[in-house]
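Below is one structure, written out as structure tokens; the observations come after it.
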Amino acid sequence: MIYTCYEMIRDCRAGRAEGWSHFAANYVPAIRRLLAHYGAGPDGEAEALNRVLLAVRQPEDSLFQSLEPSPERWFLAQLRQKVVAELAPPAAAIPLDLETVAAALEPLTLLEKQAVWLETMLYPPAQTGVLLRMAPATVEKIRAKAADLIRGKVDSWSRTLLADNGAALGRAAAAAAGSECLSPKTFFDLLDGRTTWQGREQMERHAARCWHCIDHYCRLVEVVELLRANQPLSDAEAEPYRRLLGVAEKKRAAWKRWLPGGAPEAG
Ligand SMILES: [Zn+2]
């Protein structure tokens, strides 16, 4: 039987060991990859990982509170936000706010804006090309155009301006949800090719001018790639994390207690 992400969330919320064991084995590798990508550095990675695990273990943490049956991708996208929140990158030398980015990049298409946004998420052209199914050279061309547009709107500019401000821009975009914003399900339908032409047009009309939705879409694309590459930990590898999450070592199967000696005498 397949143990789903929905069952894991239910079990974790109920404090059952099975849920936390599954979480440790299946999501620690993804957290590690996110920490490495977003700059925890090898020295800080173990510590940051522990902080994330202890944070999500808190009974009041929102990650396990949603009552919606959560598809795994939605869950991992939420977890990603927790991971990024645990990292405190240095403040950018030249600050850049979301309003300035939005105004500068207004002439770009939705796809071009996604290619630029993935730069704030620290994805170089080659990886962005994989995520958006686009040639890396095209990504570079779009980013050069975006750099010119931003340069025209700011007093001081640097080549790494978007990446340096990535964390702050991501927080601003996540907080900018509006009533017309698209639901996770709409995005998953789009990613899985279940959207009708009409639905797609409607979605694109909104998303093309909404940085909250652009950020959301880019994070889901990131999650799809994370899951594709995910390798669960072995029992032994997961053990320290299970202990950290307060789950006792895997118990021997319950039936062993009923082996000869423990079984009630007949007659
Ligand atoms: Zn939106």
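All of these numbers come straight from a predicted model, not from anything done at the bench. First listed ligand is number 1; within each ligand, the first listed atom is number 1.
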Next on the checklist: Test your reading of the model: is there a side-chain donor-acceptor pair from D192 to the backbone of R194, 3.5 Å cut-off?
Outcome noted: no
Item to check | Given D235, L233, V28, the one that forms side chain to side chain contact (heavy atoms under 4.5 Å, CB included) with R242 | outcome: D235
Next on the checklist: Side chains of L105 and V116, heavy atoms from C-beta outward: is any pair under 4.5 Å?
Outcome noted: yes
Checklist outcome for this item: Report for the Zn ion (ligand 1), protein N, O or S closer than 2.8 Å, by chain and number, lists C181 SG, H206 NE2, C210 SG, C213 SG
Item to check | With sequence neighbours excluded, residues passing salt bridge (Lys or Arg N to Asp or Glu O under 4.0 Å) with D164 | outcome: none
Item to check | Distance-minimising heavy-atom pair for A146 and L108 | outcome: CB-CD1, 4.2 Å
Next on the checklist: Among I9, V56, D11, which residue satisfies the side chain to side chain contact (heavy atoms under 4.5 Å, CB included) criterion with F23?
Outcome noted: V56
